[in-house]
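Working notes, beginning with the structure itself.
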Amino acid sequence: LKRSLNQAIAKEKDLAPCREILDQLEAHDEAWPFLLPVNTKQFPTYKKIIRSPMDLSTIRKKLNDGIYKTRDDFCADLQLMFVNCVTFNEDDSPVGKAGHSMKTFFDSRWAELIAH
Ligand SMILES: Cc1ncccc1N[C@@H](C)c1ccc2c(c1)OCCCO2
């Protein structure tokens with residue numbers, strides 16, 4: 001499907017803030033549980049419980065490879081990552097707490113981005 005130049009420019013404008021937010025998420029003190037895919041040898045039940053794993057490195061690759069057509073596609077993968085975290089981890093566990101902290105941070109940055 002050939003995209004016009006204007007559409008390509010519009011897509012880049014839409015996704016540019018996503019790179020900025022992803023930079024900040026990767027640099028966050030509580031990003032450590034989310035930097036790489038969950039190791040299913042380390043957590044054998046993970047694949048059974050979590051049907052669609054997602055992590056920051058996968059999101060970065062998808063963004064770089066032009067997989068996301070809109071900023072909402074990008075947002076959906078982050079929300080999937082946070083839902084997976086709540087599904088598998090207790091709220092008061094270290095990973096559960098990190099997930100809530102990262103989601104709160106993301107949601108506030110996303111609102112700033114959309115609300116301008
Ligand atoms: C986001 C998530 N959800 C469920 C399970 C794991 C994870 N993250 C992975 C990267 C992880 C988190 C904590 C860990 C860990 C690995 O290494 C084993 C030792 C304990 O500390």
Side-chain angles (χ1 to χ4, degrees):
L1 190 69
K2 191 154 176 19
R3 277 180 168 279
S4 74
L5 186 60
N6 290 341
Q7 278 181 306
I9 291 164
K11 181 185 163 199
E12 182 45 39
K13 265 197 180 8
D14 199 47
L15 295 173
C18 299
R19 283 181 216 297
E20 188 194 335
I21 285 194
L22 190 53
D23 289 346
Q24 293 173 351
L25 287 168
E26 288 170 341
H28 196 287
D29 287 350
E30 308 222 53
W32 56 271
F34 310 103
L35 294 173
L36 294 172
V38 176
N39 182 329
T40 47
K41 289 182 194 58
Q42 217 173 13
F43 298 90
T45 61
Y46 194 79
K47 218 61 186 143
K48 210 79 206 105
I49 296 164
I50 301 300
R51 292 294 166 178
S52 306
M54 189 48 63
D55 72 285
L56 295 174
S57 71
T58 301
I59 292 169
R60 173 67 75 183
K61 181 155 185 1
K62 288 174 77 171
L63 191 59
N64 290 346
D65 294 351
I67 305 294
Y68 298 126
K69 297 304 165 210
T70 68
R71 60 175 62 166
D72 286 339
D73 294 344
F74 166 82
C75 184
D77 264 355
L78 276 156
Q79 296 301 348
L80 169 62
M81 185 182 84
F82 294 132
V83 165
N84 289 344
C85 186
V86 169
T87 302
F88 193 87
N89 301 284
E90 297 293 329
D91 286 342
D92 63 0
S93 65
V95 176
K97 280 186 276 193
H100 285 296
S101 169
M102 288 287 281
K103 176 172 169 43
T104 300
F105 176 76
F106 171 72
D107 288 346
S108 71
R109 295 292 291 125
W110 188 255
E112 272 174 56
L113 173 79
I114 304 302
H116 287 300

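As the structure lists them, so they are numbered: ligands from 1, and atoms in each ligand from 1. Treat the numbers as computed from the prediction; the structure is a model and nothing was measured.
Enumerated by chain and number, the residues approaching ligand 1 to less than 4.0 Å through a heavy atom are Trp32, Pro33, Phe34, Val38, Gln42, Phe43, Tyr46, Phe88, Asn89, Val95.
Using modelled atom types, no side-chain atom of Asp14 and backbone atom of Ala10 make a donor-acceptor pair closer than 3.5 Å.
Within the structure, salt bridge (charged side-chain N to carboxylate O under 4.0 Å, His left out) pairs that include any residue of residues 72-101 comprise Lys62-Asp77 (at least two apart or interchain).
Distance check, rounded to the nearest 0.5 Å: CD of Glu20 to CG of Leu113 gives 7.5 Å.
Heavy-atom minimum distance, Leu35 versus Glu26: CD2-O, 3.8 Å.
The aromatic rings of Tyr68 and Phe74 stand perpendicular to each other, their planes meeting at an angle above 60°, with 30° marking the opposite boundary.
For the residue pair Thr58 and Asp55, a side-chain donor N or O sits within less than 3.5 Å of a side-chain acceptor on the partner.
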